[in-house]
Structure formats: structure tokens, C-alpha cells
Amino acid sequence: QVQLVESGGGLVQAGGSLTLSCEASGAAFSRDVMAWFRQVPGKDREFVAAIIRSGVQTKYADSVKGRFTISGGNAENTVNLQMRTLKSEDTAVYYCAARYGNVMTSMAKFYDFWGQGTQVTVSS
């Protein structure tokens, strides 16, 4: 059974930094896509960033490009999201996702596995 578990969310002031981590178990995603999405109440889940660890390929939403960095964690099957220069509009529940294959799609419906989410709140 595949499980994704996020950690690292919390409250941070605008302009600050926060790093989220996601650990996958039950499957190996080293050659597949792991990604981060975020969601605020009443809105669709929004793509943030994706990575294929084996090829070190990454993809970012325009809204976070230059501020967020997605990377493989030290442990296999982990992925981190380093968030810098946070803004109030970054406030959301952040979800880790994974899909088999090597297409870094930004569409949530194509991801096979999801974590429970971790809350990030940026105070202004």
C-alpha cells in the first residue's frame, strides 16, 4: 500500500522561509514523478512543483518560480519543497503527490497517490 506523508508545515511571517518534506512508502518513485500541490478552501487544487529524481528534472508553477525549490531528500523516496520569500497568498494546505511515468503534468487528476496535506499559513 502506497503512502505519502508530509511534514514541515506551520505558521511563518511574510518574507520568511519554510521547508516541507514528503516521504513515500510502499513503492519506489525514483524514476517517476513526485510533486507538490496546494489548495485553499473553495478553490481547485493548484500545481506548485514537480520533480523526477533520477533525471533531476523539475517543473514549477509561475507563481512560485524563483522562490520555491523542489529537490530529492537525503533518504530515498523523499522529496522536499523549500519555500522562500513567502507571501500571504502562499497560505494553503500543501499536498504531496506521486504518479508513475516521466511526464511532469501540472494536472492533479493524473496523479495516482496523495498525502493527507500539511497546513502552511503565512501571516502578513
Side-chain angles (χ1 to χ4, degrees):
Q1 181 181 358
V2 176
Q3 282 191 316
L4 304 179
V5 178
E6 303 98 338
S7 61
L11 174 65
V12 63
Q13 287 189 329
S17 301
L18 205 60
T19 298
L20 306 182
S21 295
C22 173
E23 181 174 2
S25 61
F29 293 106
S30 58
R31 292 183 175 82
D32 302 289
V33 181
M34 294 187 76
W36 288 94
F37 286 75
R38 64 189 182 186
Q39 189 170 25
V40 296
K43 292 192 174 182
D44 291 338
R45 203 161 286 190
E46 176 192 21
F47 171 78
V48 175
I51 186 170
I52 299 176
R53 291 190 60 176
S54 61
V56 198
Q57 300 173 59
T58 57
K59 179 185 175 86
Y60 295 93
D62 288 343
S63 59
V64 306
K65 205 171 288 184
R67 300 189 298 122
F68 290 12
T69 302
I70 188 170
S71 62
N74 291 330
E76 190 178 42
N77 267 9
T78 61
V79 62
N80 297 326
L81 183 69
Q82 184 180 22
M83 305 183 292
R84 300 178 298 273
T85 319
L86 283 160
K87 307 174 182 179
S88 57
E89 50 263 44
D90 295 317
T91 295
V93 177
Y94 283 70
Y95 294 91
C96 179
R99 69 182 301 269
Y100 293 125
N102 60 3
V103 176
M104 291 186 290
T105 177
S106 60
M107 299 181 70
K109 66 179 181 180
F110 292 118
Y111 283 80
D112 305 301
F113 307 102
W114 292 88
Q116 293 297 310
T118 185
Q119 177 71 45
V120 172
T121 303
V122 183
S123 62
S124 56

(message) Tell me whether E6 contacts the main-chain N or O of Q116 through its side chain, where contact means a donor paired with an acceptor under 3.5 Å.
(response) yes
(request) Provide the closest heavy-atom pair for V64 versus V48 in the form atom of the first, atom of the second, distance. (result) CG2-O, 3.5 Å
(request) Considering non-hydrogen atoms only, spot the tightest contact between L18 and G8 and give its length. (result) CG-O, 3.6 Å
(request) Give me the one residue out of I51, L81, N80 that meets side-chain contact (heavy atoms from CB on, under 4.5 Å) with W36. (result) L81
(message) Using 0.5 Å steps for rounding, measure from the CE atom of M83 to the OG1 atom of T69.
(response) 11.0 Å
(request) Please report the shortest heavy-atom distance between M34 and C22, naming the atom on each side. (result) CE-SG, 4.1 Å
(request) Could you pull out the closest heavy-atom pair between R99 and F110, with the gap in Å? (result) NE-O, 2.9 Å
(message) Minimum heavy-atom separation for L4 and A24, please, with both atom names.
(response) CD2-CB, 3.3 Å
(request) Answer yes if V79 and Y94 sit in the same cluster of Ile, Leu, Val, Met, Phe, Trp and Tyr residues linked by side chain heavy atoms under 4.5 Å apart, and no otherwise. (result) yes
(message) I need the minimum non-hydrogen distance between S17 and T85, along with the two atoms involved.
(response) OG-N, 4.4 Å
(message) Using the side-chain contact (heavy atoms from CB on, under 4.5 Å) definition, which of the options M107, M104, R38, K59 pairs with F47?
(response) K59
(message) If we ignore hydrogens and angles and just use 3.5 Å, is the side chain of Y111 paired with the main-chain N or O of V33 as donor and acceptor?
(response) no
(request) Using modelled atom types only, decide if a donor and an acceptor are shared between the side chain of N102 and the backbone of D32 within a distance under 3.5 Å. (result) no
(request) Hey, could you give me each pair passing ring pair (Phe, Tyr, Trp, His ring centres under 6.0 Å) that has a residue in residues 5-34? Not counting sequence neighbours. (result) F29-Y100, F29-F113
(message) Do the side chains of K87 and D90 get close enough for a salt bridge, i.e. N-O under 4.0 angstrom?
(response) no
(request) With the side chain counted from C-beta on, respond yes when E46 and S63 share a heavy-atom pair under 4.5 Å apart, and no when they do not. (result) yes
(message) Run the side chain to side chain contact (heavy atoms under 4.5 Å, CB included) test on L86 and F68 for me, step by step, so that the C-alpha distance in whole Å, both residues' side-chain angles and the decisive distance to 0.1 Å come before the verdict.
(response) CA-CA 9 Å; L86 283 160; F68 290 12; 3.8 Å; yes
Using a 3.5 Å cut-off and no angle test, enumerate the donor-acceptor pairs between side-chain atoms of residues 117-124 and protein atoms at least two apart in sequence or in another chain.
unit_1	atom_1	unit_2	atom_2	d
T118	OG1	G9	N	3.3
Q119	NE2	A92	O	3.4
Q119	NE2	T121	OG1	3.3

